Colleague: 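Pasting in a structure now, in structure tokens, and then I'll have a few things to ask.
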Amino acid sequence: MRLDKYVTYAGISRSAAVSAIKSGRVAVDSIIAKNPAEKLSDTALVTLDGEAVDGSEFVYLLMNKPSGYVCEKNRPDSVFALVPEKYSRRPLSVCGRLDKDTEGFLLLSDDGDFVHRIISPIKHLPKVYLARLQNAVTDSDIKAFENGLQIDGGDVCRPAKLEIAGDAVLVTITEGMYHQIKRMFHATGNEVLYLKRVKTGGLSLPETLKTGEILRLSENETARIFR
Ligand code: URA
């Protein structure tokens, strides 16, 4: 790969990479590099202002989203404000939004194909949510979720699994309509008091990942989602 392309992985544009190289801020294997077109070996260590540049083409970040943060960009209460600076200049997208008051499993990536595979409405990737509710669920609620609930007198949901888990419930859905879980419970005369996404496909939120923390996943780890 050309040096100037590699330096863009630091989150800067190609022209900013070229000027950083020309002004002597970039080193390859500890030697200041001056030629933006230099071809790098596979093992080259590139630094910008003394900091190693992470040359991965894409990153996959799993956040345990805290309540109080939105999935839109450019807001002080945005989940993107929680992303460490070394990734923050990458063109990250969230893979399936969560409401401001919902916590838990939130993937962010700059791999457009990956994001599409997660959010594509035709893939029907299962997502599991833990919910605490105002009222206890009944057998008829479980059946109604299984049969496909109609919400707000309009959309009919795909069959969903509702399981009791102590004083909470686990809900598995295979789509992602706006406020879907809250609207499903509302349709059964109940209200969601607390909501957390705990799993997407075959990948669970690690219990060790604290609220607000981010774990960088390898490409192999992301493959578990689709298993
Ligand atoms: N369903 C909801 O109601 N809210 C979320 O954040 C996710 C799913």
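Just follow the structure's listing: the first ligand is 1, and inside any ligand the first atom is 1. Just so we're clear, the structure is a prediction, and the values are computed from it rather than from any experiment. Quick note: numbers below take in every heavy atom, side chains included, and nothing from hydrogens, waters or symmetry partners.
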Colleague: Could you go through Arg132 and Asp167, starting from their C-alpha distance and side-chain angles, then the distance that decides it, and tell me whether this counts as salt bridge (charged side-chain N to carboxylate O under 4.0 Å, His left out)?
Modeller: CA-CA 7 Å; Arg132 290 187 212 289; Asp167 62 350; 3.1 Å; yes
Colleague: Which of the atoms of ligand 1 are close to Thr102, meaning less than 4.0 Å from one of its heavy atoms?
Modeller: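 Selected atoms, number and element: 4 (N), 5 (C), 6 (O).
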Colleague: Just to be sure I read this right, does ligand 1 sit under 4.0 Å from the backbone of Asp99, its side chain, both, or neither, counting only heavy atoms?
Modeller: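 Asp99 to ligand 1: contacts from backbone and side chain alike.
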Colleague: Quick one: which ligand 1 atoms are inside 4.0 Å of a heavy atom on Gln180?
Modeller: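 Per the distance check, 1 (N), 2 (C), 3 (O).
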Colleague: Indicate, as side chain, backbone, both or neither, the part of Leu195 found under 4.0 angstrom from ligand 1 when only non-hydrogen atoms are considered.
Modeller: side chain
Colleague: Under the side chain to side chain contact (heavy atoms under 4.5 Å, CB included) test against Ile21, which residue among Val7, Asn35, Val46 passes?
Modeller: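 Between Ile21 and the candidates, side chain to side chain contact (heavy atoms under 4.5 Å, CB included) is satisfied uniquely by Val7.
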Colleague: Do ligand 1 and Ile181 have nitrogen or oxygen atoms that lie under 3.5 Å from each other?
Modeller: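 Yes: some nitrogen or oxygen of Ile181 is under 3.5 Å from one in ligand 1.
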Colleague: In the structure I gave you, are the side-chain heavy atoms of Thr102 and His179 within less than 4.5 Å of one another anywhere?
Modeller: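 With C-beta onward as the side chain, the pair stays apart.
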Colleague: Tyr129 near ligand 1, heavy-atom distance under 4.0 Å?
Modeller: yes
Colleague: Name the orientation class of the two ring planes belonging to Phe226 and Phe114 (parallel below 30°, tilted from 30 to 60°, perpendicular beyond 60°).
Modeller: perpendicular
Colleague: Going by distance only, is there an N or O of Lys182 that falls short of 3.5 Å from an N or O of ligand 1?
Modeller: yes
Colleague: Go through Thr222 and Arg117 one step at a time and tell me if the side-chain hydrogen bond (donor to acceptor under 3.5 Å, both in side chains) criterion holds.
Modeller: CA-CA 11 Å; Thr222 65; Arg117 284 173 76 202; over 6 Å; no
Colleague: Can you find a heavy atom in the side chain of Leu108 that is under 4.5 Å from one in the side chain of Tyr60?
Modeller: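 Contact flag for Leu108/Tyr60 side chains = no.
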